[in-house]
Amino acid sequence: MKQIAILGLGRFGRALAGTLMEMGHDVLGVDANETVVEQMASLLTNCVQADVMDEQALRSLGMNDFDIVVVAIGNSDVQASIFTTLTLKEMGVKHVVCKVGSDKQARILLKIGADRVVYPERDMGKRFAHSLVQSDVLEFITLSEEYSMMEINTPQSLWGESIRESDVRGRYKINIVALRRDGKIMVNPLPEEVLQKGDTLLAIGETKALAKLHD
């Protein structure tokens, strides 16, 4: 269980905070909007009203005691995101994650010390695009600029073949890391496992290669 602070409770911040709570972590939510704080107070470990641009307020909340601090300020307020990130790193916060809306903002934040940046709108758009045009794709997660993970209904062309016979690693340069069948999950299925209609595959590899597997 980790101690996580989320600065900014917009749509992204609220969704992230709620999910982390469901996962069993302790979550502190911080927002300048009193109404938002009142709405979230009963859902989080702790929720306070404060201006994240106020260095003294951040220090009084003990930001450097948290395992992770997420700067989830709206993309329109780049200055606030930069100032807050800089302040957190100067305070000695171990791991700062920043929500960004552009590559330029990401480069700036990484240069001033952010440990990680996330593009929620861009990543969600990519995931939706794949599910929109590829009906067999159940989930699509971008891992980096080149690599992704895809959950997909087993293509008909692979029914009746073992994983070894399908040679997806040799043909597509991807790896099947899990297989779900009848509600049960096989992690790292054996090469001899025969793929069946109704199986769900979790595959990882280059994004272009995963698209070829689906096609």
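None of the values given here were measured: they were computed from a predicted structure.
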Q. Can you find a pair of side-chain heavy atoms, one from T87 and one from T85, that are under 4.5 Å apart?
A. no
Q | Residues in side chain to side chain donor-acceptor pair (under 3.5 Å) contact with R169, at least two apart in sequence or another chain | A | N175
Q. Hey, are the side chains of V52 and V30 touching, using non-hydrogen atoms and a 4.5 Å cut-off?
A. yes
Q. Any side chain to side chain donor-acceptor pair (under 3.5 Å) pairs touching residues 36-48, not counting sequence neighbours?
A. none
Q) Does L201 share a hydrophobic cluster with V194, counting links as ILVMFWY side-chain heavy atoms below 4.5 Å and allowing steps through other members? A) no
Q | Derivation of the side chain to side chain contact (heavy atoms under 4.5 Å, CB included) call for L7 and M63 | A | CA-CA 10 Å; L7 310 184; M63 287 292 111; 4.1 Å; yes
Q: Write out all pairs satisfying salt bridge (Lys or Arg N to Asp or Glu O under 4.0 Å) with one or both partners inside residues 48-64, taking only residues at least two apart or from two chains.
A: E55-R59
Q | For E161, side chain to side chain donor-acceptor pair (under 3.5 Å) partners two or more places apart | A | none
Q | Point-to-point distance, once rounded to the nearest 0.5 Å, from SG of C98 to CG of L88 | A | 8.0 Å
Q: May I ask you to test the L202-M149 pair for a side-chain heavy-atom distance under 4.5 Å?
A: yes
(Q) Please list all pairs meeting salt bridge (Lys or Arg N to Asp or Glu O under 4.0 Å) that have one or both residues in residues 185-195, counting only residues at least two apart or in different chains. (A) R164-E192, R181-E193
Q. Applying the 4.5 Å side-chain criterion to the ILVMFWY set and letting contacts propagate, would W159 and M186 be lumped into a single cluster?
A. no
Q) If you look only at pairs with a residue in residues 18-36, which of them pass as a side chain to side chain donor-acceptor pair (under 3.5 Å), with sequence neighbours excluded? A) Q3-D26
Q.
Taking transitive links into account, so neighbours of neighbours count too, which hydrophobic residues share a cluster with I185 at under 4.5 Å side-chain distance?
A. V187
Q. Under a 4.5 Å cut-off applied to non-hydrogen side-chain atoms, are T200 and I152 in contact?
A. no
(Q) Count I, L, V, M, F, W, Y as connected when their side-chain heavy atoms are under 4.5 Å apart, and connections chain through other members. Are F12 and M21 then in the same cluster? (A) yes
Q: Would you indicate whether the side-chain heavy atoms of H95 and D67 approach each other to under 4.5 Å?
A: no
Q.
Under a 3.5 Å distance rule, please check whether T154 uses its side chain to pair with a backbone N or O of D199 as donor and acceptor.
A. yes
Q.
Return the CG to CD1 distance between L20 and I6, rounded to the nearest 0.5 Å.
A. 5.0 Å
Q: With sequence neighbours excluded, tell me which residues meet side chain to side chain contact (heavy atoms under 4.5 Å, CB included) with D167.
A: R171
Q: Return the minimal non-hydrogen interatomic distance between L44 and A17, and the atom names on each side.
A: CD2-CB, 3.6 Å
Q.
Within the structure provided, determine whether I174 and I204 are in side-chain contact (heavy-atom separation under 4.5 Å).
A. no
Q | Sidechain-backbone polar pair: S81 side chain, V78 backbone, donor-acceptor under 3.5 Å | A | no
Q: Kindly give the cluster partners of F83, where membership spreads through any ILVMFWY side chain lying under 4.5 Å from a current member.
A: M53
Q) Looking at side-chain heavy atoms only, is the closest gap between V168 and L158 below 4.5 Å? A) yes
Q: Indicate the atoms forming the closest heavy-atom contact of A50 with L61, along with that distance.
A: CB-CD1, 4.5 Å
Show me the donor-acceptor pairs within less than 3.5 Å that the side chains of residues 109-116 make with the rest of the protein, sequence neighbours left out.
residue : atom : partner : partner atom : Å
D115    : OD2  : K89     : NZ           : 3.0
D115    : OD2  : V96     : N            : 2.7

Q. So which heavy atom on A72 is nearest to which on G8, and how close?
A. CB-O, 3.5 Å
Q: State which residues pass side chain to side chain contact (heavy atoms under 4.5 Å, CB included) with A106; sequence neighbours excluded, sorted by chain then number.
A: V100, V117, Y119
Q. Can you name the closest pair of heavy atoms from G205 and L210 and give their distance?
A. O-CD1, 3.9 Å
Q.
Count I, L, V, M, F, W, Y as connected when their side-chain heavy atoms are under 4.5 Å apart, and connections chain through other members. Are M23 and I4 then in the same cluster?
A. yes
Q: Answer yes or no: does atom NZ of K94 have more than 12 heavy-atom neighbours from other residues, nucleotides or ligands under 6.0 Å?
A: yes
Q: Run the numbers on L86 and T84 for side chain to side chain contact (heavy atoms under 4.5 Å, CB included), then give the verdict.
A: CA-CA 5 Å; L86 189 59; T84 303; over 6 Å; no
Q. Does M91 belong to the same Ile/Leu/Val/Met/Phe/Trp/Tyr cluster as L28, with side-chain heavy atoms less than 4.5 Å apart forming each link?
A. yes
Q) Is any side-chain heavy atom of P189 closer than 4.5 Å to a side-chain heavy atom of I176? A) yes
Q: Among residues two or more places apart or on two chains, list those pairs meeting salt bridge (Lys or Arg N to Asp or Glu O under 4.0 Å) that have a residue in residues 1-18.
A: none
Q) When rounded to the nearest 0.5 angstrom, what is the spacing between NZ in K208 and OG in S148? A) 12.0 Å
**Q.** Audit row: C47, L9, side chain to side chain contact (heavy atoms under 4.5 Å, CB included) steps and yes/no
**A.** CA-CA 10 Å; C47 194; L9 296 174; 3.7 Å; yes
